[in-house]
Protein chains: 2
Amino acid sequence: MAKPQSSRKAATKQVRDTKQVRSRAGVRMTSSAARARSPLLSRVTSAALVYERLHEDIIALRIRPGASLSENELASSFGVSRTPVREALLRLADESLVEIVPKSGTTVSRIPYAQIGEAIVIRKALEEVTVREASRRATKSQFTGLWALVERQREAAKADDRIGFHAADEAFHAAIAEAAGYPGIWRLVNQVKVQVDRMRHLTLPEGGRMMRVTKEHAAVLAAMEKRDGDKAVAAMRNHLDGLEHSLPEIRRRNADLFVDEAGVFVLSGTAGRKPEVRKNPKN
Amino acid sequence: MAKPQSSRKAATKQVRDTKQVRSRAGVRMTSSAARARSPLLSRVTSAALVYERLHEDIIALRIRPGASLSENELASSFGVSRTPVREALLRLADESLVEIVPKSGTTVSRIPYAQIGEAIVIRKALEEVTVREASRRATKSQFTGLWALVERQREAAKADDRIGFHAADEAFHAAIAEAAGYPGIWRLVNQVKVQVDRMRHLTLPEGGRMMRVTKEHAAVLAAMEKRDGDKAVAAMRNHLDGLEHSLPEIRRRNADLFVDEAGVFVLSGTAGRKPEVRKNPKN
DNA sequence: GTTCCATATCTTGTATGCAAGTTTATCGAA
DNA sequence: TTCGATAAACTTGCATACAAGATATGGAAC
């Protein structure tokens, strides 16, 4: 490998110090600074696009858990080369949505049933501190917006619009996080609950569920508005408890989409790629 | 196994009986694809190695926040090509440890001071539920192991061995998570506190700090052993409160390593601000 | 001196070819 | 048929080449 032109690489160190900027460099950054934000979401690269598409399809179960993915076929499908596809898959592997076996193949992860419970515990812990802080800090206009979201849910429930209901549901929780001043927590919650979200797509139509959830939200919000943090936390806890209600039944009906995880033993795991997942084919 | 002496081929055929129709290009629908494997070690790929090295160096501040990274120079430094280096950098970007600007360059992220507080809140929330559950579920042998870790901390504190102390500290918290049956929570905590860990490397030598922390751990553990969940949670909360004690001073002394407003997570309408105008006019 | 512009030289993004394993298919023998 | 060995066809991991945008440099004009 030929080194081109040694200009400032007198030092062979791979880490160069901070590049200094001229005093008026800021004005030149206008064009790039316009779109150069949102590190996790939409970049303008092909890899990001492939990632988003695959992410959506996996979460929505449009690609079934256990399905095999091929970098080559995905590449020709998306009309790009393997490189961006591979980057997307690596990222999905970090989120435990796909499993890459080095020289063998890549599959969409089955839903790790054993992790669902822990994910819900995590979500509860995070949302409780969030709703407590939001009870203190939320402004009047934020309460107005929250009530509007509850109303949107009520309408969606009446119209039996599950998609719209879910969107408003997410927006409700996100708005609470914003009111609390904890945007990172909501981002974290979203990261943790991916497997739960996949499972949600299997929920059976249960009469009155959406209206019940709406009422639970209203209870949380009412307590918040009274600045009663404890009561709001209790209401939120009660609300999130409802999540794990029908999980065993859902699992029973779609056994092939789940996997029992035996012993995750990743304690000081070097920031490891992902927990080892033992698949237990129960044919 | 219910199958009587089924050969591998027969098992394969049995798997095959499900539809192998490709509903979408690139997605092959199979019932059970990859056989369970035990890659106990995380990954033996070059990309993983590069990632681990860079991760360590960034966390330990051996690479200073704000430094520029070049895929080419890193590649020749590691003796590999750009591809595995790039994969490592993309992963580090997901963790907000580096920032990749598409056609411009890659830099090591400065420590987002505004996120430190939220990270500590998150850690508190997660560790509190963990210690509460561990108070219920921990076995006698686990308590023995935990006391041993406390003792190791005491010894390290006496010997003024900061590295050994920190290792035992981490192990203590990890062991509590394991006793609680929440391995995923500890993994998540580790992910969240990366920026806090970087900051920890800037802590000034403060007399008696290690011994104080050891006593706090002992208090947590004593409450756990009495199965007093509330008291254990309170002790843990008190322990973690100590984290944010000297943060402002640390930041004041190393202002160039921090950035005020990073993260910029546009949750609602208002557009994000410009990411960073390098305010480091060296020379 | 300052300002502006062309250009050389960086940077990362993507495509492609090869290497090294793994799985599947094929063929032959008992 | 059943089993076994061999080879063909996959798979991902990595190296390399090229493309396109961003930055720094140098010189010309004023």
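Letters A, B, ... are given to chains in the order of the sequence lines, protein chains preceding strands, and every chain is numbered from 1. Predicted model only: the values in this text are computed from it and were never measured.
Every residue was checked against the side-chain hydrogen bond (donor to acceptor under 3.5 Å, both in side chains) condition with A/Asn254, not counting sequence neighbours, and none meets it. Annotation: ring pair (Phe, Tyr, Trp, His ring centres under 6.0 Å) contacts of A/His55 (sequence neighbours excluded): A/Tyr51. Checked against salt bridge (Lys or Arg N to Asp or Glu O under 4.0 Å), A/Arg82 has the following partners two or more places apart in sequence or in another chain: A/Glu71. Checked against salt bridge (Lys or Arg N to Asp or Glu O under 4.0 Å), B/Arg253 has the following partners two or more places apart in sequence or in another chain: B/Glu249.
In the helix from C/dG1-D/dC30 to C/dA30-D/dT1, the rotation axis of the first five pairs and that of the last five pairs differ in direction by 10°, rounded to 10 degrees.
Between B/Asn72 atom CG and D/dT16 atom P the separation is 11 Å, expressed in whole Å. If you take CG of A/Leu90 and P of D/dG13, they are 7 Å apart, rounded to a whole angstrom. At whole-Å resolution of the value, CD in B/Glu71 and P in C/dG13 are 6 Å apart. At whole-Å resolution of the value, CD1 in B/Ile100 and P in D/dA22 are 16 Å apart.
Closest non-hydrogen pair, A/Tyr113 versus A/Asp260, comes out as CB-OD1, 4.4 Å. Annotation for A/Thr130 and A/Ala177: closest pair CG2-CA, 3.4 Å, computed over non-hydrogen atoms.
Between A/His173 and A/Trp186, the ring planes are parallel. Angles under 30° get that label, and only those over 60° would be called perpendicular.
Between A/Glu87 and B/Arg91, none of the side-chain N atoms (NZ, or NE/NH1/NH2) sits under 4.0 Å from a carboxylate O, so this pair counts as no salt bridge.
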Distances under 3.5 Å between nitrogen or oxygen atoms of protein and nucleotides 14-21 of chain C:
unit_1: C/dT14; atom_1: OP1; unit_2: A/Ser46; atom_2: N; d: 2.5
unit_1: C/dT14; atom_1: OP1; unit_2: A/Ser46; atom_2: OG; d: 2.9
unit_1: C/dA15; atom_1: OP2; unit_2: A/Ser81; atom_2: N; d: 2.5
unit_1: C/dA15; atom_1: OP2; unit_2: A/Ser81; atom_2: OG; d: 2.6
unit_1: C/dA15; atom_1: O5'; unit_2: A/Ser81; atom_2: OG; d: 3.3
unit_1: C/dA15; atom_1: N7; unit_2: A/Thr83; atom_2: OG1; d: 2.7

